[in-house]
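One structure is given below, encoded as structure tokens.
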Number of protein chains: 2
Amino acid sequence: MKRVKKKAFSDFIARKGLKTTRQRDTILDFFLASDRHMSIEELYLKVRAKHPNIGYATVYRTLKLFAEAGLAREIQFGDGQTRYEHVNEGEHHDHLVCTHCGTIVEFENPVIEKLQDEVATSHGFLIETHKMEIYGLCPKCH
Amino acid sequence: MKRVKKKAFSDFIARKGLKTTRQRDTILDFFLASDRHMSIEELYLKVRAKHPNIGYATVYRTLKLFAEAGLAREIQFGDGQTRYEHVNEGEHHDHLVCTHCGTIVEFENPVIEKLQDEVATSHGFLIETHKMEIYGLCPKCH
DNA sequence: AGAACATTGAAAGTGATATTCATAAACATC
DNA sequence: GATGTTTATGAATATCACTTTCAATGTTCT
């Protein structure tokens, strides 16, 4: 899986006429090894712990690049931090967010997906993406 | 409806030991007369056109107050602008957002609501709120 | 009207994201 | 492997959308 994504990224880099760099490789390694939902700050801190010479701006730009390459997706949970989640081919999921401890649980529900498509169609919308978050207290917090 | 909301707001003001002001009345009038989804900036501009002496900070604070009073709700569509939508007793709806022109259409779907409850329950979550947005192109834009 | 307290508007502060720019690294070519 | 061209990096700065501060002003109570 990691291999596949690294390949996908280097293909993207090549296709765009960009350059392979030590920093990008490092950041990709950390991203792939990380939890699924990381803010720029979080990833930057993890990277910096081992590579103190990699700057925030580089992490920021590289994450954008991952999104552009289709490896990551920006998500917002309304806490003012943009997070990047891993994108896996043909996978779509939504989120349960604990309002107390911040835990994020992913779930899939094909029936909801289908109903969403129907809603969009019935309003004449050409659906691109959708997102759904359920906020509440996770088992630990209640 | 407007009458009811104005009453609700003045009750809230009284209950909290706050004060009625010309500015708050004016901003409430503009909010009630507005489209359903307004950013602070948008409402501020509308208000300022007729009342050049009302400042941004006052609109900002008053909108927060509306939210606290239950007249409005903050929503985020991921474009970096907080919007305030009207809240009507016992009404819940989700949104279709046009990625091209920004049009926002509301919809309700009880079946989706029910499935969301089931998902939350099956993961042991105590549901508080949820939000769902479908992004795509509206009829005009495709 | 006067005292007590809340509100206002302009300006300054915040926090997260985005950009600039001089220096450093890639990479194609020699 | 040195060279030249182009892209990347990191530190600093800018931007954006709020958010707060504070002196002046307005409301409400008595």
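The model shown is predicted, which means the values in this text are computed figures rather than measured ones. A, B, ... follow the sequence lines: proteins, then strands. Residue 1 opens every chain.
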Reading nucleotides 20-30 of chain C from 5' to 3' and marking B where a protein heavy atom lies under 4.0 Å of the base, S where only the sugar-phosphate is that close, and - otherwise, the string is B-----BS---
Practice prompt. Could you walk me through whether H92(A) and H130(A) pass ring-ring contact (aromatic ring centres under 6.0 Å, His included), step by step?
Written response: CA-CA 10 Å; H92(A) 180 79; H130(A) 61 84; 4.4 Å; yes
Nucleotide [N], atom [atom2] - distance to [atom1] of [X] in whole Å:
X: I54(B); N: dG9(C); atom1: CD1; atom2: P; value: 6 Å
X: Q81(B); N: dT17(C); atom1: CD; atom2: P; value: 16 Å
X: L63(A); N: dA16(C); atom1: CG; atom2: P; value: 15 Å
X: Q76(A); N: dA16(C); atom1: CD; atom2: P; value: 13 Å
X: I75(A); N: dT17(C); atom1: CD1; atom2: P; value: 13 Å
X: D79(B); N: dA16(C); atom1: CG; atom2: P; value: 19 Å

Check each of R3(A), K2(A), K6(A) against D29(A) using the salt bridge (charged side-chain N to carboxylate O under 4.0 Å, His left out) test, and report the only one that passes.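 The single option meeting the salt bridge (charged side-chain N to carboxylate O under 4.0 Å, His left out) with D29(A) is K6(A).
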Using a cut-off of 6.0 Å, state whether more than 12 heavy atoms not belonging to H93(A) lie near its atom NE2.
->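 Counting other residues, nucleotides and ligands, NE2 of H93(A) exceeds 12 neighbours.
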5' to 3' on DNA chain D, which nucleotides open and close the contacts with chain B (atom under 4.0 Å from a heavy atom)?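 In short, chain B contacts DNA chain D from dA17(D) to dT28(D).
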So does D11(A) pair up with K7(A), basic N to acidic O under 4.0 Å?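 Answer for the salt bridge query: yes.
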Review point. Are R36(A) and E91(A) close enough for a salt bridge, meaning some N to O gap below 4.0 Å?
Key: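 Yes.
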Checking the side chain of R24(A) only, and the main-chain atoms of K19(A) only, is there a donor and an acceptor separated by less than 3.5 Å?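 Yes, R24(A) side chain to K19(A) backbone: donor-acceptor pair under 3.5 Å.
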Quiz item: Under 4.5 Å between any side-chain heavy atoms of L43(B) and Y84(B), yes or no?
Solution: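 SC-SC contact between L43(B) and Y84(B) ruled out.
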I need the full list of ring pair (Phe, Tyr, Trp, His ring centres under 6.0 Å) pairs touching residues 56-82 of chain A, with sequence neighbours left out, sorted by first then second residue.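 The answer is F9(A)-F66(A), F31(A)-F66(A), Y44(A)-Y56(A), F77(A)-H95(A).
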Assign each of T62(B) and Y60(A) to its nearest nucleotide of DNA chain C by heavy atoms, then name whichever residue's nucleotide is nearer the 5' end.
->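 Final value for this comparison: T62(B).
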*Can you find a side-chain donor-acceptor pair between K114(A) and N109(A) that sits under 3.5 Å?*
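There is no such pair (donor and acceptor under 3.5 Å, judged by atom type) between the side chains of K114(A) and N109(A).
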- Message: Does E41(A) reach a base, just sugar-phosphate, or nothing at all? Heavy atoms under 4.0 Å.
- Response: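 Result for E41(A) = nothing.
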- Identify whether any heavy atom of K64(B) sits under 4.0 Å from a base atom; if not, whether one sits that close to sugar-phosphate; answer base, sugar-phosphate or nothing.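 Sugar-phosphate, backbone atoms only, no base.
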Any side-chain N or O of Y56(B) below 4.0 angstrom from OP1/OP2 of dA10(C)?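 Checking dA10(C) against Y56(B), no side-chain N or O comes under 4.0 Å of OP1 or OP2.
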